[in-house]
Structures are given as C-alpha cells and as structure tokens.
Amino acid sequence: MADPLFQFIDLPRRMPTPLPTPVRVNGWQEIYGGFDPDAAAAQAGRCLDCGNPYCEWKCPVHNYIPNWLALARAGRLFEAATLAHETNPLPEICGRICPQDRLCEGACTLNDDFGAVTIGAIEKYIVDEAFRQGWRPDLSQVKATGKRVAVIGAGPAGLSCADRLARHGIQAHVFDRHPQIGGLLSFGIPTFKLEKEAIATRRGVLEAMGVHFHLGVDIGRDLLFAELLRDHDAVFVGTGAYTPVDGRLPGQHGAGVHLALDILTANAHRLLAGDSTPDPRLDMAGKRVVVLGGGDTAMDCVRTSIRLGAAQVTCAYRRDEANMPGSRREVANAREEGVQFAFNRQPLAIEHDEHGALLGVRVAQTRLGPADSQGRRNAEILADSEQLLPADTVILAFGFRPSPAPWLAEHGVALETDGRIRAQGNALPYQTSHPKIFAGGDNVRGADLVVTAVHDGREAGLAMVRYLTVPDNQSTGNGA
Ligand code: FAD
Ligand code: SF4
C-alpha cells in the first residue's frame, strides 16, 4: 500500500480500463468501465486536499471535489453521493461526459507533473455504486408547498431545475417532445460515451422524488404554451439550441450530405426502439465518410460512422489540433478507433457529378493567423492549396444556434439579437422579462456544455423557489 502522503507520486493516475478497440468499434457500449471500490479509494487517495482547490473553482457547478474524494477514499459512499448531489443534480452524467481535461482535471494541481486526479471517473463510481447499493436522495423532511411548476425540456437544464424544485416541495411537471428524458443526453450524445441505462436510472430517481414526466408532448403543437402558463405557478424553459450553424457551402443540399444531429438522433432513436428498419442516412457500410467540424458533435459523428461500418472516416477541421474545441480525450478515442484527421483544411464546396452523385469535399489548406478579440486564431487560406477529399457521405457538424419558439415572444419574453432568451438583469437570476417564466441552459447561453446547463437549471430552480415561496418576490409580478 502506498504511503498516503505520497500516494500521488507512488500511484500513477489511472482511468478505468476502456474496452479493447476491436470490441468498442463493433458495438455501442460505453467504452469506459467503472472503478472497483479499491481502485476508486486508491485513486481518490492521490488528492492533496489543496487548501485552495483549483479543481473546485474551475468546475462550473463548484463541486466539493476534495471533500467527496476524501469520503470515497474512506469508503463512505452514501455520504459522498449525498455531497455530490448538493452541487450537481446529475453527477453520474457529468462524471461520464464532462470535458474534465478542460475543467476540474485540467486545473488539478497534480495535472502538470504527476497526472491529475481522475475526478470524473471517481464521481461516476460514487454515484453509480451508491445507486446500485440502494442510496436515493432523502426527501423525507421536505414539506409540500402546494405549488406547481411546468418545466419545458427534459435535457440537463430541465432535469436539474426539476430536482431542485422537488427538494423544496414544489411539484415539477416536465414536458418533452421526445419519448425519453435527457434531451441531447439521449438523442445527441451516443451511447459509447453515455449509456442510456444511466439516464433510465436517473429517471427512476427523479420520479421517486415526485417529478412528473409528460413525454411525447411538443409544447406549442400538442399543448399550447398559454395553457401551460395558466395552469402552473411558474414555467421553466430549457429547450436547448437546435438551429444548425450554416456553413453556406455550395452543394451542401445535394445527395449524400447530412446534418450531424439528424444522423445522431436517427441512430439514437433506432437503438432506443431496437428498430432494425433500414435508414438510408445510416447506411455507411463500406463507405468513405468525411465529417466537417472539430467539436464534440464532430467527434460523436466520426465515432458513430466507424460503428456503422464506414470503411474510411476523416474529420476535416480548419484549424490545427491544439485549437480544436472538442475534448482531447474524445479526439484520442476517435484516433484509436481508426478516424483520420485532416487538420488545417477549410471546406470550400461539396462536389457532385453531373448525375448528382456525391464526389467529395473541396478543401483548401490553411495556416493560423493572429488571434481575434476572443483569443481564437483565424484560419487563413493558403494559395493554390485546393484538393478534393473523396467521400460517399458528408456530415456537417458546424455547431448550433438558439432556436427560440414563437410562443416566447408572443408572451412577452425578451430575446437577445441572436435568438438566445434574455435571462439576466431581471429581479431574480434566470428570470426572463416575463416574471413567471424562467429559462436556462443552451437556449440562454447558446450551445455549450452539459455541466453549464446543469448549473443554470439548478440556479433557476432555486430562484423559482424564492419566487414562489418568499412573499416579497411575488411583487415582481406573479401571473400574467
Ligand atoms: P437539451 O439537452 O437540448 O434539451 C432540451 C430539450 O428540450 C430536448 O429534449 C427537446 O426535445 C426539448 N424541447 C425543445 N423544445 C420543446 C418543445 N417545444 N416542447 C417540448 N420539448 C421541447 N456537452 C458536454 O458537456 N459533453 C459532451 O460530451 C457533449 N457532447 C455533445 C454531443 C453532441 C452531438 C451535441 C449536440 C452536444 C453535446 N454536448 C456535450 C452539449 C450538451 O449536450 C448541451 O450543452 C446540453 O445538452 C444542453 O442542455 P439543455 O438542457 O439546455 O438542452
Ligand atoms: Fe485534489 Fe487536484 Fe483538487 Fe488539489 S486540485 S484538491 S489535488 S483534485
């Protein structure tokens, strides 16, 4: 056994063993296994318990990381799970898919010289194992307030909001157009990053806390927003950001070209329903696939294409590897699974032959110019550097913009010029210009991360508790 004081030196950082690559690429299972209790305790024991824990500051929800690491090390699993939920209503989800290399683990004091503490994998272990042993959030002391809130969107923002409302005795009714909860957790992020059993378990936990789900209900189509507003004491809007960024490439509407989320969602529905009906968009067997983009969505598309049997998968990105927005871990996983990367390639057009059949993507080579006002270096095209990347399927993964529903403006909810819901500057955090309507997640920030949506849902939920239970807040105009 390593000396506890120097465990960080004696015991190297270790992630749970991933599935061997040949197994991974032939299935849809989550690629990382879990720690066993000894491995979790040993890895948690590497933490230095820093007086000023940078990991905690860098975490968007400010998880009490060193504290639950110490509890995991001591084998006090249920206390660790309780503490993890204090700041994060979905810790087992964040443990799996947060880009820890850019957040807590990237900021860990041990990161540079000894290897960061495996914070994400331990977070996943704590909650999965606590659930397996029967731990559940304790709401036995919660007193019902008699208030009802409608939550539109069962993504991470909506689920976090519902969790906080339930913990304060407010009935949460969550509406979603999809047949399962999770939003992009279920219908965007593939199962090899996040197994859907984790979402099913979380659904059971929330239902046991008293959260009601109304699935397959599209607000504005199946149920009018006005009715929802009338029948509830307040409404939280967590509807995400779904308008694809338009690359404006000639040929992008031609044969063989698909939007990233169409592919990922179609595949998610197919796997969820166990449906084997052929979908021509998912027919990639033996094909050459080119994915355009460099974020998490692009990584999910390349790895999905590999699993759908593509013969050759290339990710073309206009900057270099160091400037890719996606998680480093996911890039490494994609590479291991056989994905090729064409960095410094600016797509110019998608080319088809005279019969309309796809030929490939015309790209030009780039170099990185000076940084812009956001600190990002622009890609400059090099003269006479064009080439064709041959493809049978092209997937566009350029990111997402907000997609505000028309019923928001109809009810006086102010929007930013780019379509994001304005949820700052009002009496309470995450309150919109309509006092009874709160909002958070991607529809307020623009496309971002699960953990930031979790943060917004948590804070909006707590603000709604104040709105509904503190009399002074009612003077901000409850009802309309
Ligand atoms: P969403 O998750 O989009 O949920 C919104 C929900 O609202 C949806 O279920 C939708 O059906 C519902 N809805 C919308 N309008 C209506 C309506 N009118 N009626 C009923 N329901 C409605 N982030 C990470 O941190 N790590 C990752 O690895 C990662 N990978 C990603 C991969 C992909 C392919 C994509 C697209 C995103 C990824 N993200 C990742 C980003 C992350 O998924 C989002 O930031 C997060 O899900 C946003 O949460 P949200 O609750 O705001 O919205
Ligand atoms: Fe532990 Fe790293 Fe956080 Fe320090 S920064 S408290 S070593 S996890």
Side-chain angles (χ1 to χ4, degrees), residues 8 44 46-60 63 65-67 69-70 93-94 96-100 102-105 107-111 114 116-119 122 151-161 174-190 193-194 214-223 225 228 237-242 244 260-261 263-265 268 295-301 304 326-327 329-330 397 399-400 402-408 439-454 456-457:
F8 68 97
R46 295 183 68 245
C47 173
L48 301 174
D49 192 15
C50 303
N52 188 359
Y54 296 121
C55 56
E56 194 170 311
W57 286 111
K58 190 72 181 180
C59 169
N63 278 332
I65 294 168
N67 308 69
L69 288 173
I93 308 288
C94 289
R96 285 173 163 85
I97 55 167
C98 264
Q100 283 101 3
R102 287 197 273 135
L103 300 172
C104 54
E105 294 180 11
C108 174
T109 310
L110 294 176
N111 190 36
F114 296 97
V117 177
T118 44
I119 299 169
I122 296 170
V151 173
I152 309 175
L159 297 181
S160 297
C161 180
V174 184
F175 296 82
D176 202 292
R177 55 165 71 113
H178 283 306
Q180 172 59 300
I181 71 163
L184 287 172
L185 304 177
S186 291
F187 297 99
I189 297 173
K193 273 166 61 180
L194 171 59
H214 307 267
L215 301 175
V217 182
D218 191 322
I219 302 302
R221 192 192 66 191
D222 303 322
L223 182 61
F225 180 72
L228 211 64
V237 183
T239 46
Y242 284 92
L261 207 52
I263 297 287
L264 296 172
T265 307
D296 283 331
T297 306
M299 288 312 102
D300 290 351
C301 288
T304 295
S327 153
R329 184 179 62 201
E330 299 310 320
F400 302 92
S403 37
W407 36 258
L408 288 166
D442 279 3
N443 60 7
V444 166
R445 293 173 176 268
D448 201 5
L449 291 175
V450 170
V451 68
T452 50
V454 164
D456 291 0

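Because the structure is predicted, anything quoted here is derived from the model rather than measured. The residues of the chain are indexed from 1 along the displayed sequence. Counting starts at 1 for both ligands and their atoms, following the listed order.
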Where do V450 and C98 land on the side chain to side chain contact (heavy atoms under 4.5 Å, CB included) test, with the steps shown first? CA-CA 7 Å; V450 170; C98 264; 5.9 Å; no
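- Looking from atom 32 (C) of ligand 1 to the surrounding protein, the closest heavy atom is D300 OD2, 3.0 Å.
- With hydrogens and angles ignored, the 3.5 Å screen pairs no side-chain donor or acceptor of N111 with any backbone N or O of A107.
- Which parts of ligand 2 touch I119 is read off a 4.0 Å heavy-atom cut-off, strictly below it: atoms 8 (S).
- Using 4.0 Å as the threshold, G220 has no heavy atom nearer than that to any atom of ligand 1.
- A heavy-atom separation below 4.0 Å is found between F400 and ligand 1.
- Scanning both residues, G51 and P53, for their nearest heavy atoms gives O-CD, 3.4 Å.
- In terms of heavy-atom proximity, R329 sits nearest to R96 at NH2-O, 3.4 Å.
- Closest approach of D300 and L264 over heavy atoms only: O-CD2, 3.9 Å.
- Residue D448 has at least one heavy-atom neighbour below 4.0 Å for each of these atoms of ligand 1: 41 (C), 45 (O).
- Considering backbone and side-chain N/O atoms, D442 comes within less than 3.5 Å of an N/O atom of ligand 1.
- With ligand atoms numbered from 1 in the order given, ligand 1 contributes 5 (C), 6 (C), 7 (O) to contacts under 4.0 Å with heavy atoms of G238.
- For R46 (side chain) and F114 (main-chain N/O), a donor-acceptor pair under 3.5 Å exists by modelled atom type.
- V217 counts as a contact of ligand 1, since one of its heavy atoms falls under 4.0 Å from the ligand.
- When each atom of ligand 1 is checked for a heavy atom of G441 under 4.0 Å away, the hits are 52 (O).
- The shortest contact between atom 40 (C) of ligand 1 and any protein heavy atom is with I189 CD1, 4.0 Å.
- Using modelled atom types, one side-chain atom of N443 and one backbone atom of V237 make a donor-acceptor pair closer than 3.5 Å.
- Of all heavy-atom pairs spanning C108 and V117, the tightest one is SG-N, 3.6 Å.
- Between I219 and ligand 1, a contact under 3.5 Å exists for at least one N or O pair.
- For atom 27 (C) of ligand 1, the nearest non-hydrogen atom of the protein is I97 O, 3.6 Å.
- Using a 4.5 Å heavy-atom cutoff, the side chains of L103 and I119 are not in contact.
- Between the side chain of T239 and the main chain of G153, no donor-acceptor pair closer than 3.5 Å is present.
- Protein N/O/S atoms found under 2.8 Å from atom 4 (Fe) of ligand 2: C50 SG.
- For ligand 1, the atoms sitting less than 4.0 Å from at least one non-hydrogen atom of L264 are 34 (C), numbered in the order shown with element in parentheses.
- For ligand 1, the polar-atom distance check finds no N/O of N443 at less than 3.5 Å from any of the ligand's N/O atoms.
- Closest heavy-atom approach to atom 1 (P) of ligand 1 within the set F175, Y242, F187: this belongs to Y242.
- Protein heavy atom in closest approach to atom 43 (O) of ligand 1: L184 CB, 3.5 Å.
- Residue contacts with ligand 1, taken as heavy atom pairs separated by less than 4.0 Å, do not involve E330 at all.
- The contact set between ligand 1 and T297, taken as ligand atoms under 4.0 Å from a residue heavy atom, comprises 33 (C), 34 (C), 35 (C), 36 (C).
- Of the possible donor and acceptor atoms, none in the side chain of N63 sits under 3.5 Å from a partner among the backbone N and O of I65.
- In this structure, Q100 contributes its side chain and C94 its backbone to a donor-acceptor pair below 3.5 Å.
- Residues passing the side chain to side chain contact (heavy atoms under 4.5 Å, CB included) test with A397, sequence neighbours excluded: A260, V291, T297, A298.
- In terms of protein heavy-atom proximity, atom 6 (C) of ligand 1 is closest to D176 OD2, 3.5 Å.
- Considering every non-hydrogen atom in both E105 and A116, the closest pair reads O-CB, 3.3 Å.
- The closest donor-acceptor contact from the side chain of S403 to the backbone of Y242 lies under 3.5 Å.
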Are K193 and E330 close enough, and set up right, to give a side chain to side chain contact (heavy atoms under 4.5 Å, CB included), and what steps lead you there? CA-CA 9 Å; K193 273 166 61 180; E330 299 310 320; 3.8 Å; yes
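- With hydrogens and angles disregarded, a donor-acceptor distance shorter than 3.5 Å links the side chain of D442 to the backbone of D448.
- Closest to atom 7 (O) of ligand 1 among all protein heavy atoms lies G153 CA, 3.2 Å.
- Annotation: atom 53 (O) of ligand 1 to nearest protein heavy atom, G240 CA, 3.4 Å.
- Atoms of ligand 1 lying under 4.0 Å from at least one heavy atom of H178, given by number and element, are 9 (O), 11 (O).
- Residue contacts with ligand 1 include P156, since one of its heavy atoms falls under 4.0 Å from the ligand.
- Residues L228 and W407 form no side-chain contact, since every pair of their non-hydrogen atoms from C-beta on lies 4.5 Å or further apart.
- Annotation: side chain of S327 is not in contact with side chain of M299 (no heavy-atom distance under 4.5 Å).
- Within ligand 1, the atoms closer than 4.0 Å to a non-hydrogen atom of A157 are 51 (O), 52 (O), numbered from 1 in the order shown.
- Heavy-atom proximity to atom 28 (O) of ligand 1, evaluated over R177, Q100, K193, M299, is greatest for K193.
- Taking both residues in full, the closest heavy atoms of A154 and D176 are given as N-OD2, 2.6 Å, listed atom of the first, atom of the second, then distance.
- The protein atom (non-hydrogen) at minimum distance from atom 25 (O) of ligand 1 is V450 N, 3.0 Å.
- Between L185 and ligand 1, a contact under 3.5 Å exists for no N or O pair.
- Residue G183 has at least one heavy-atom neighbour below 4.0 Å for each of these atoms of ligand 1: 2 (O), 4 (O), 8 (C), 9 (O).
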